Amino acid sequence: MKNNYLNIIGIAFRAGKCSTGEETIVKDIQKRRAKLILIANDVGPQTRKKLTDKCHSYGIPCVIVSDNRETLSNAIGKSHRVAIAILDDGFAKKLESLLG
């Protein structure tokens, strides 16, 4: 199950349906482009609070995944990514169902 959601993240990223980087994700949340935010479990407390607070304010689902930043980064082929915004409804729904 774990690999399934990482595979979906990789497919979504290659399809151009993801954004990364704290400021980019915050802008996507504010413009309501983000459909789901995935946060690594080892993210810093300030970044975690900032992203979760924005998600709650704008009604965007936010999931803190059981994997660390390295695993999450490898899923999209980038390094040092602690959060990923999913910008597509289909990918967001599939990931939510896989993550429970």
Side-chain angles (χ1 to χ4, degrees):
M1 183 171 131
K2 181 184 273 194
N3 288 338
N4 283 347
Y5 99 87
L6 293 172
N7 289 339
I8 299 294
I9 292 171
I11 292 167
F13 186 78
R14 288 189 300 278
K17 302 297 182 182
C18 293
S19 67
T20 61
E22 185 179 341
E23 295 306 316
T24 307
I25 291 173
V26 168
K27 286 178 186 171
D28 285 335
I29 292 169
Q30 290 171 335
K31 293 180 180 177
R32 301 190 188 281
R33 281 193 302 236
K35 307 302 180 199
L36 174 67
I37 307 298
L38 302 171
I39 302 174
N41 65 2
D42 62 344
V43 69
Q46 290 177 329
T47 304
R48 180 187 299 225
K49 180 173 177 9
K50 182 177 185 177
L51 291 174
T52 55
D53 286 354
K54 283 288 181 199
C55 286
H56 291 304
S57 296
Y58 288 87
I60 310 268
C62 177
V63 177
I64 297 178
V65 296
S66 59
D67 292 305
N68 61 18
R69 67 180 76 198
E70 185 178 333
T71 306
L72 206 56
S73 298
N74 286 341
I76 62 169
K78 300 281 183 184
S79 60
H80 307 296
R81 300 296 194 262
V82 295
I84 300 172
I86 305 298
L87 307 177
D88 179 76
D89 278 324
F91 284 120
K93 284 183 174 65
K94 181 65 175 172
L95 286 165
E96 283 178 334
S97 72
L98 289 173
L99 292 169

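Quick note: numbers below take in every heavy atom, side chains included, and nothing from hydrogens, waters or symmetry partners. Computed from a predicted structure; not experimentally measured.
Between I9 and F91, the closest side-chain pair of non-hydrogen atoms is not below 4.5 Å.
Of the residues listed (I39, V65, V43), the one engaging L72 in a side chain to side chain contact (heavy atoms under 4.5 Å, CB included) is V65, and it is the only one.
When every heavy atom of K49 is checked against every heavy atom of T52, the shortest pair comes out as O-OG1, 3.2 Å. The minimum heavy-atom distance between I64 and R48, with the atom names listed, is CD1-NH1, 3.4 Å. Residues P61 and C55 share a closest heavy-atom pair of O-SG, 4.4 Å. The shortest non-hydrogen separation linking Y58 to R32 is O-NH1, 2.8 Å. In terms of heavy atoms, A34 sits closest to A85 at CB-CB, 4.3 Å. Taking every heavy atom of both residues into account, F13 and C18 meet most closely at N-SG, 3.5 Å.
We find the CG-CG distance between N41 and D67 to be 7.0 Å, quoted to the nearest 0.5 Å. With rounding to the nearest 0.5 Å, the separation of NE2 in H56 from CG in L51 is 11.0 Å. Rounding to the nearest 0.5 Å gives a distance of 12.0 Å between NZ of K54 and NZ of K27. Rounded to the nearest 0.5 angstrom, I76 CD1 and L6 CG are separated by 11.0 Å.
Clustering ILVMFWY residues whenever any of their side-chain heavy atoms sit less than 4.5 angstrom apart, transitively, puts I86 in the very cluster that holds L98. In terms of hydrophobic clustering, with Ile, Leu, Val, Met, Phe, Trp and Tyr side chains grouped at heavy-atom distances under 4.5 Å, V26 and I60 are assigned to a common cluster. L87 and L95 fall into different hydrophobic clusters, where Ile, Leu, Val, Met, Phe, Trp and Tyr residues are linked whenever their side-chain heavy atoms come under 4.5 Å apart, directly or through other members. Placement of Y5 and I37 in two distinct hydrophobic clusters is found when ILVMFWY residues are connected by side-chain heavy-atom separations under 4.5 Å, directly or transitively. No continuous path of ILVMFWY side-chain contacts below 4.5 Å connects I29 to L36, so the two sit in separate hydrophobic clusters.
Put simply, the side chain of R81 gets close to the backbone of S79: a donor and an acceptor are under 3.5 Å apart. Between the S19 side chain and the I25 main chain, no donor and acceptor come within less than 3.5 Å of each other. Within the 3.5 Å criterion, the main-chain N or O of R69 finds a donor-acceptor partner in the side chain of D42.
With a 6.0 Å radius and a threshold of 12 heavy atoms from other residues, nucleotides or ligands, K50 has its NZ atom above the threshold. When the shell of 6.0 Å around CD of Q30 is examined, it contains more than 12 heavy atoms from other residues, nucleotides or ligands.
Classification of E96 and K35 as a salt-bridged pair fails, no side-chain N sitting under 4.0 Å from a carboxylate O.
The closest side-chain donor-acceptor pair between T71 and N74, if any, does not fall under 3.5 angstrom.
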